[in-house]
Amino acid sequence: MSLSGKVALVTGGSRGIGFATAKVLLENGAKVAITGKDQKRLEKLAEISNVFAITADIRNSNEVKNAVQKIVEKFGRLDILVNNAGVFPRIKQLHEIEEDEWNEVLDVNLTGQYRVTKEAIPHLQKTSGSIINISSDAGLKAYQGFNADAYSATKAALIILTKCWALEYSKNKIRVNCICPGVVDTDMTKPFVKTQKDRDFMNAEHPLGRIGKPEEVAKAVLYFASDDALWITGAILAVDGGESTK
Ligand SMILES: NC(=O)c1ccc[n+]([C@@H]2O[C@H](COP(=O)([O-])OP(=O)(O)OC[C@H]3O[C@@H](n4cnc5c(N)ncnc54)[C@H](OP(=O)(O)O)[C@@H]3O)[C@@H](O)[C@H]2O)c1
């Protein structure tokens with residue numbers, strides 16, 4: 001199996017794209033730790049699967065530090081970091097967004113990725129590991145009526161940070177790549193596909209005629225994490241049914 005002997009951390013691995021990623025990495029031989037905020041959900045997942053589940057809010061540096069320490073104590077190493085945890089704000093135009101709502105999105109989607117990556121880097125330096133950042137099509141281009149500016153800003157930031165980190169840590173042979181999904185069927189997007197009419201609209205927005213499945217993003221993560229991508233760093237891959245190409 002391609003990830004045999006490797007240890008992965010998937011933040012926000014308790015649901016959606018993160019959970020699908022944890023499953024795919026496990027199926028390919030990795031030992032996988034997942035984090036999230038909801039302790040009960042994490043405990044349940046640990047009971048029914050082989051994941052090592054840790055409650056850690058990425059808004060809290062101490063919880064992040066503790067989570068990375070626990071993983072290294074348990075498995076002795078860290079090879080793969082998937083910066084996946086994220087939140088989506090209420091749809092509002094810029095002039096309607098309160099400062100605390102703005103800051104909340106930045107705290108999770110941007111500073112949260114900094115906190116986790118900072119703790120992981122010393123361990124990834126030892127293993128010449130790999131980081132996969134989950135950005136979004138919303139970080140690649142602006143969409144009329146999207147009205148989630150804080151989200152778009154964090155996802156665009158993650159794209160440039162992918163390139164910065166790729167260059168900064170190339171000396172340690174740490175590879176840093178980024179995936180930009182289109183709309184994927186998860187809890188995050190449920191409010192936007194409530195009715196069949198919404199779903200038809202969302203499907204039609206994607207040139208391949210449908211929204212994505214979490215597993216389809218997970219398989220791209222697997223590729224970047226595997227030795228098949230050993231000469232790839234700083235890459236930004238749209239996994240979006242052609243959406244960002246329009
Ligand atoms: N779904 C899409 O269409 C789509 C498209 C483009 C990009 N993305 C990106 O893909 C990633 C995953 O999205 P998803 O759709 O799978 O989302 P989701 O179903 O809403 O799941 C989000 C995950 O992130 C965790 N999380 C949220 N805030 C956290 C925090 N402060 N600390 C730790 N964990 C936290 C959640 O854990 P708890 O439940 O415990 O809070 C959950 O496991 C996100 O970065 C998102 O922006 C999604």
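Indexing begins at 1, ligand by ligand and atom by atom, following the structure's order. Model, not experiment: these values are computed from the prediction. Note that the numbering runs from 1 along the sequence shown for the chain.
Classification of E216 and R210 as a salt-bridged pair holds, one side-chain N sitting under 4.0 Å from a carboxylate O. D107 and R59 are not joined by a salt bridge, as no carboxylate oxygen comes within less than 4.0 angstrom of a charged side-chain nitrogen. A salt bridge links D185 with R199; the closest basic N to acidic carboxylate O contact falls under 4.0 Å.
Of all the atoms in ligand 1, the ones that sit under 4.0 Å from a non-hydrogen atom of D187 are 19 (O). Of all the atoms in ligand 1, the ones that sit under 4.0 Å from a non-hydrogen atom of T189 are 1 (N), 2 (C), 3 (O). Which parts of ligand 1 touch R59 is read off a 4.0 Å heavy-atom cut-off, strictly below it: atoms 31 (N). Those atoms of ligand 1 that come under 4.0 Å of a heavy atom in V183, given as number and element, are 3 (O). Each of the atoms 32 (N), 33 (C) of ligand 1 lies under 4.0 Å from some heavy atom of A56. The distance from ligand 1 to the heavy atoms of G16 drops below 4.0 Å at these ligand atoms: 16 (O), 19 (O). Near K155, meaning under 4.0 Å from one of its heavy atoms, ligand 1 places the atoms 44 (C), 45 (O), 46 (C), 47 (O).
In terms of polar-atom proximity, V184 is counted as a contact of ligand 1, with an N or O under 3.5 Å from an N or O of the ligand. At under 3.5 Å, not a single nitrogen or oxygen of T35, backbone or side chain, sits near a nitrogen or oxygen of ligand 1. Close N/O approach between S136 and ligand 1 is not found [any backbone or side-chain N/O within under 3.5 Å]. An N or O contact shorter than 3.5 Å links R15 to ligand 1 by distance. By the 3.5 Å distance cut-off applied to N or O atoms, G36 is not counted among the residues near ligand 1. Taking distance alone, with nitrogen or oxygen atoms compared against 3.5 Å, I17 approaches ligand 1 more closely than that limit.
The residue from V10, D38, N84, I179 that puts a heavy atom closest to atom 11 (C) of ligand 1 is N84.
Contact annotation: V87 has at least one heavy atom less than 4.0 Å from an atom of ligand 1. Within the structure, ligand 1 has S135 among the residues with a heavy atom less than 4.0 angstrom away. Using a non-hydrogen distance threshold of 4.0 Å, C180 does not register as a contact of ligand 1. At a 4.0 Å cut-off, not a single heavy atom of T11 sits close enough to ligand 1 to count as contact. Within the 4.0 Å heavy-atom shell around ligand 1 one finds G182.
Side-chain contact check for N147 and Q93: no donor-acceptor pair (N or O, by modelled atom type) lies under 3.5 Å. Judged purely by distance below 3.5 Å, without hydrogens or angles, the side chains of D200 and Q196 pair a donor atom with an acceptor atom.
Looking at atom 14 (P) of ligand 1, its nearest protein heavy atom turns out to be T186 OG1, 3.6 Å. Looking at atom 6 (C) of ligand 1, its nearest protein heavy atom turns out to be P181 O, 3.4 Å. Counting only heavy atoms of the protein, atom 13 (O) of ligand 1 lies nearest to M188 CE, 4.0 Å. Nearest protein heavy-atom neighbour of atom 25 (C) of ligand 1: G12 CA, 3.5 Å. Of the protein's heavy atoms, I58 N, 2.9 Å lies nearest to atom 32 (N) of ligand 1. The protein non-hydrogen atom at the shortest distance from atom 28 (N) of ligand 1 is K37 NZ, 3.4 Å. For atom 43 (O) of ligand 1, the nearest non-hydrogen atom of the protein is S14 OG, 2.8 Å. Here the heavy atom of the protein found nearest to atom 26 (N) of ligand 1 is A85 CB, 3.9 Å.
At a 4.0 Å heavy-atom cut-off, ligand 1 does not touch P214 at all. Only the side chain of Y151 comes within 4.0 Å of ligand 1, counting heavy atoms alone; its backbone N, CA, C and O stay farther away.
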- Please step through ring pair (Phe, Tyr, Trp, His ring centres under 6.0 Å) for the pair Y143 and Y151, ending with a clear verdict. CA-CA 12 Å; Y143 292 91; Y151 183 84; over 10 Å; no

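The backbone N or O of A238 lies less than 3.5 Å from no partner atom in the side chain of D137, so there is not a single donor-acceptor pair. D79 places a side-chain N or O within donor-acceptor distance of the main-chain N or O of V7, the cut-off being under 3.5 Å. No donor-acceptor pair under 3.5 Å is formed between the side chain of Q69 and the backbone N or O of V64. Looking at R175, its side chain never comes within 3.5 Å of a backbone N or O of S130 through a donor-acceptor pair. Checked by atom type and distance alone, the side chain of E101 pairs as donor or acceptor with a backbone atom of E98 at under 3.5 Å. No donor-acceptor pair closer than 3.5 Å links the side chain of T35 to the backbone N or O of A56.
Aromatic ring centroids of F201 and F192 lie 6.0 Å or more apart.
Stacking of K74 on the aromatic ring of F52 is recorded, both the 6.0 Å distance cut-off and the 45° axial limit being met.
For Y114, the OH atom counts as loosely surrounded, since its 6.0 Å shell holds 12 or fewer non-hydrogen atoms of other residues, nucleotides or ligands. The environment of Q39 atom CD is sparse: at most 12 non-hydrogen atoms of other residues, nucleotides or ligands sit within 6.0 angstrom.
Hydrophobic clustering places I80 together with I179 (ILVMFWY residues linked when any side-chain heavy atoms are closer than 4.5 Å, directly or through intermediates).
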